[in-house]
Undergrad: 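Take this structure, written in structure tokens, and hold onto it; I'll ask about it next.
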Amino acid sequence: QVQLVESGGGLVEPGGSLRLSCAASGRTASSYAMGWFRQAPGKEREFVAGITWSGASTYYADSVTGRFSMSRANAKNTVYLQMSSLKPEDTAVYYCSAGTNWGTHPDEYDYWGQGTQVTVSS
């Protein structure tokens, strides 16, 4: 079992930055690929970023490429999502996920956090 807890969400103005964190607990947490997804009201959950268990490779949705950066610190069992140049359309609940292999579909992940709200508004 892996438990995931997100933090770092909040209200930010357009063009601003936020860093989300996801703390994982469980003996084998560092061996999982990790993903960030987001879900806006009335919309389906969508892939944002993914990272392999080693952190050697990262993957991003086209909508966030060049603005978001995902990383992990396995010694701390924590993954991060650095978000810059935020836009109102980035407003959503952001979820951290863990799975055997990274993927772009929610069904490919086995564990989920409770989510953290990110609101981009002036």
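The model shown is predicted, which means the values in this text are computed figures rather than measured ones. Computed over heavy atoms, backbone and side chain alike; hydrogens, waters and symmetry mates excluded.
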Undergrad: Could you tell me whether a side-chain N or O of T78 sits under 3.5 Å from a main-chain N or O of K76, the two making a donor and an acceptor?
TA: yes
Undergrad: Once you round to the nearest 0.5 Å, how far does OG of S71 lie from CG of L81?
TA: 8.5 Å
Undergrad: Take L11 and S121 through the test side chain to side chain contact (heavy atoms under 4.5 Å, CB included) and record every step on the way to the result.
TA: CA-CA 7 Å; L11 173 65; S121 175; 4.2 Å; yes
Undergrad: Can you list the steps and then say if S57 with W102 is a side chain to side chain contact (heavy atoms under 4.5 Å, CB included)?
TA: CA-CA 10 Å; S57 298; W102 84 273; over 6 Å; no
Undergrad: Heavy atoms only: give me the nearest G8-L18 pair and the separation to one decimal.
TA: O-CD2, 3.8 Å
Undergrad: How many angstroms lie between OG1 in T100 and CD in E108, if you round to the nearest 0.5 Å?
TA: 10.5 Å
Undergrad: Where is the tightest heavy-atom contact between T91 and V120, given as atom of each residue plus distance?
TA: OG1-N, 2.9 Å
Undergrad: Quick check: do E46 and R38 have side-chain heavy atoms less than 4.5 Å from each other?
TA: yes
Undergrad: When you compare the side chain of M34 with that of C22, does any pair of heavy atoms fall below 4.5 Å?
TA: yes
Undergrad: Could you walk me through whether W36 and Y94 pass the ring-ring contact (aromatic ring centres under 6.0 Å, His included) test, one step at a time?
TA: CA-CA 7 Å; W36 284 99; Y94 283 71; 7.3 Å; no
Undergrad: Is a donor from one side chain sitting under 3.5 angstrom from an acceptor on the other, for E13 and S122?
TA: no
Undergrad: Would I51 end up clustered with V2 when hydrophobic side chains under 4.5 Å apart are linked, directly or stepwise?
TA: yes
Undergrad: Would you check, one step at a time, whether the test side chain to side chain contact (heavy atoms under 4.5 Å, CB included) holds for Y95 with R45?
TA: CA-CA 9 Å; Y95 296 91; R45 192 168 296 191; 3.4 Å; yes
Undergrad: Any idea how F37 and F47 line up, ring-wise: parallel (<30°), tilted (30 to 60°), or perpendicular (>60°)?
TA: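 Rings of F37 and F47: perpendicular, as their planes differ by over 60°.
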Undergrad: Any side-chain heavy-atom pair from Y80 and S69 closer than 4.5 angstrom?
TA: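 In short, these two side chains do not touch, never coming nearer than 4.5 Å.
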Undergrad: What's the shortest heavy-atom distance between C96 and V79, and which atoms?
TA: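 Scanning both residues completely, I find the closest heavy atoms to be SG-CG2, 4.0 Å.
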Undergrad: Test side chain to side chain contact (heavy atoms under 4.5 Å, CB included) on F68 and L86 and set out the steps.
TA: CA-CA 9 Å; F68 291 11; L86 283 161; 3.8 Å; yes
Undergrad: Taking atom CD of E44 as the centre, report whether more than 12 heavy atoms of other residues, nucleotides or ligands fall under 6.0 Å from it.
TA: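 No, the 6.0 Å shell around CD holds no more than 12 heavy atoms from other groups.
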Undergrad: Do the side chains of W112 and Y32 join up, straight or via other hydrophobic residues, at under 4.5 Å, putting them in one cluster?
TA: no
Undergrad: Look up atom CD in Q3 and atom CG in N77, then write down how far apart they are to the nearest 0.5 Å.
TA: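 Between Q3 CD and N77 CG, I get 11.0 Å after rounding to 0.5 Å.
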Undergrad: Measure from NZ or CZ of R72 to the centre of the six-membered ring of W53 and say whether it is under 6.0 Å with the direction within 45° of the ring axis.
TA: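 Judged by the rule, R72 and W53 form no cation-pi pair.
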Undergrad: Are V93 and V118 connected in a single hydrophobic cluster, I mean Ile/Leu/Val/Met/Phe/Trp/Tyr linked by side-chain heavy atoms less than 4.5 Å apart?
TA: no
Undergrad: Looking at CG of D90 and OG1 of T119, how far apart are the two atoms once the value is rounded to the nearest 0.5 Å?
TA: 11.0 Å
Undergrad: When you compare the side chain of Q82 with that of M70, does any pair of heavy atoms fall below 4.5 Å?
TA: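 A side-chain contact under 4.5 Å is absent here.
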Undergrad: Do the side chains of Y59 and T52 get nearer than 4.5 Å, heavy atoms only?
TA: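 Yes - at least one pair of side-chain heavy atoms lies under 4.5 Å apart.
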